[in-house]
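Data first, discussion second: the structure below is written as structure tokens.
Note that these values count all heavy atoms, side chains included, but never hydrogens, waters or copies made by symmetry. The structure displayed is predicted, hence computed values, not measured ones.
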Amino acid sequence: LESVVFYFFSGVSLVTALLVVASPRPIYAVLALVGCFLSVAVLYGVLGATLLAVVQIIIYVGFIAVVFPIVIVLLDSGRTKSSREQHGVLRWAAALTGLILFGLLATAIFEDGVSRFPAEMEPVRGSLVSMTYFLLSDFAVPVLGAAVVVFSALVGAAWVARR
Amino acid sequence: VVPIEHYLIVSALLFSTGATGVLFHRNLVSIFLCIELMLNAVNLALVAGARSAGNLEGQALALLVIVIATAEALVGLGILVAVYRGRGSLDVDDQNLLRY
């Protein structure tokens with residue numbers, strides 16, 4: 001069952017990722033990105049990261065699905081700039097760069113020592129309780145650093161977007 | 001059981017698709033969406049690594065990446081609004097104040 005769910009939702013995520021790149025209007029790209037994030041959340045659940053799947057859906061997808069359409073409507077960028085895309089040669093250059101990047105990453109994945117890790121063991125369940133204990137004991141300093149970053153991002157965003 | 005390399009391959013495909021999109025688009029909002037896609041691909045690789053290593057460190061790191069990515073999107077959208085107010089355009093070719 002795990003393999004069926006994995007291959008289906010990884011296919012969905014890849015197709016929606018291609019739609020994000022290929023859609024000429026940003027609002028369609030936002031919709032495709034929401035679909036991609038939801039299917040990746042299912043992949044998190046398959047991997048045992050249940051808290052991360054819920055956080056991905058509630059916080060990340062909720063943020064993307066609300067804030068990005070607001071900004072697109074606010075800036076009216078879907079209408080004014082939909083016809084101006086990259087030139088033909090640069091499009092092919094972008095696709096070629098992506099292919100080369102994937103080739104390098106795939107080479108690293110299959111050549112490096114990653115494949116020596118056993119994948120057959122039971123997944124460590126990243127439930128709410130275990131993740132909370134882990135985050136507040138071993139990961140306390142990064143969590144506090146993230147809090148500082150979020151606060152400064154809040155202040156910075158309000159400062160940048162002022163009149 | 002799905003081997004760990006397949007997760008990493010899906011993550012690499014998502015990442016290179018997002019990188020292609022960053023180079024492909026000229027609208028800043030579209031570029032921003034593709035950057036979010038790349039961050040998500042990295043998260044998938046982190047969670048797959050946590051699965052293969054058998055501990056929670058990768059998942060905790062992915063959670064922090066989600067938090068930082070949300071904050072980054074907040075600041076980035078604020079910058080987009082400021083750029084649109086100042087320049088009247090979101091095309092990357094129009095943002096040439098620092099070019100020469």
For the [atom1] atom of [X] and the [atom2] atom of [Y], what is their distance to the nearest 0.5 Å?
X         : Y        : atom1 : atom2 : answer
Leu90(A)  : Leu23(B) : CG    : CG    : 9.5 Å
Leu105(A) : Leu8(B)  : CG    : CG    : 10.0 Å
Leu52(A)  : Leu46(B) : CG    : CG    : 9.5 Å

So for [X], is it side chain, backbone, both, or neither that comes closer than 4.5 Å to the heavy atoms of chain B?
X         : answer
Ser130(A) : both
Phe102(A) : both
Phe139(A) : side chain
Ile64(A)  : side chain
Leu18(A)  : both

Is chain A contacted by the side chain of [X], its backbone, both, or neither, given a heavy-atom distance below 4.5 Å?
X        : answer
Leu13(B) : both
Ala19(B) : side chain
Leu28(B) : neither
Glu36(B) : both
Ile68(B) : side chain

Applying a strict under-4.5 Å side-chain criterion to I, L, V, M, F, W and Y, I'd like to know whether [X] and [Y] cluster together.
X         : Y        : value
Phe8(A)   : Ile57(A) : yes
Leu19(A)  : Val34(A) : no
Leu74(A)  : Phe32(B) : yes
Val160(A) : Val29(B) : yes
Val155(A) : Val67(A) : no

Any non-hydrogen side-chain atom of [X] less than 4.5 Å from a side-chain atom of [Y]?
X         : Y        : value
Leu37(B)  : Leu33(A) : yes
Asp138(A) : Leu56(B) : no
Ile109(A) : Ser11(B) : no
Leu47(A)  : Leu44(B) : yes
Leu39(B)  : Tyr60(A) : yes
Thr97(A)  : Thr20(B) : no
Gln59(B)  : Leu51(A) : no
Val40(A)  : Asn43(B) : no

Legend entry - Greatest number of heavy atom pairs closer than 4.5 Å to chain A - which of Ile79(B), Val67(B), Leu80(B), Leu63(B): Leu63(B)
Legend entry - Pairs of heavy atoms under 4.5 Å with chain A: top-ranked of Val10(B), Leu14(B), Asn40(B): Asn40(B)
Legend entry - When Leu14(A), Leu154(A), Ile100(A), Leu43(A) are compared by non-hydrogen pairs under 4.5 Å with chain B, the top option: Leu14(A)
For [X] and [Y], which heavy atoms make the closest approach, and how far apart are they?
X        : Y        : value
Val21(A) : Cys34(B) : CG2-SG, 4.4 Å
Ala49(A) : Val47(B) : CB-CG1, 3.9 Å
Leu33(B) : Pro26(A) : CD1-O, 3.8 Å

Inset, instruction - Using a cut-off of 6.0 Å, state whether more than 12 heavy atoms not belonging to Tyr7(A) lie near its atom OH. - result: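 Enclosed.
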Inset, instruction - Look at atom CZ of Phe63(A) and say whether more than 12 heavy atoms of other residues, nucleotides or ligands are closer to it than 6.0 Å. - result: yes
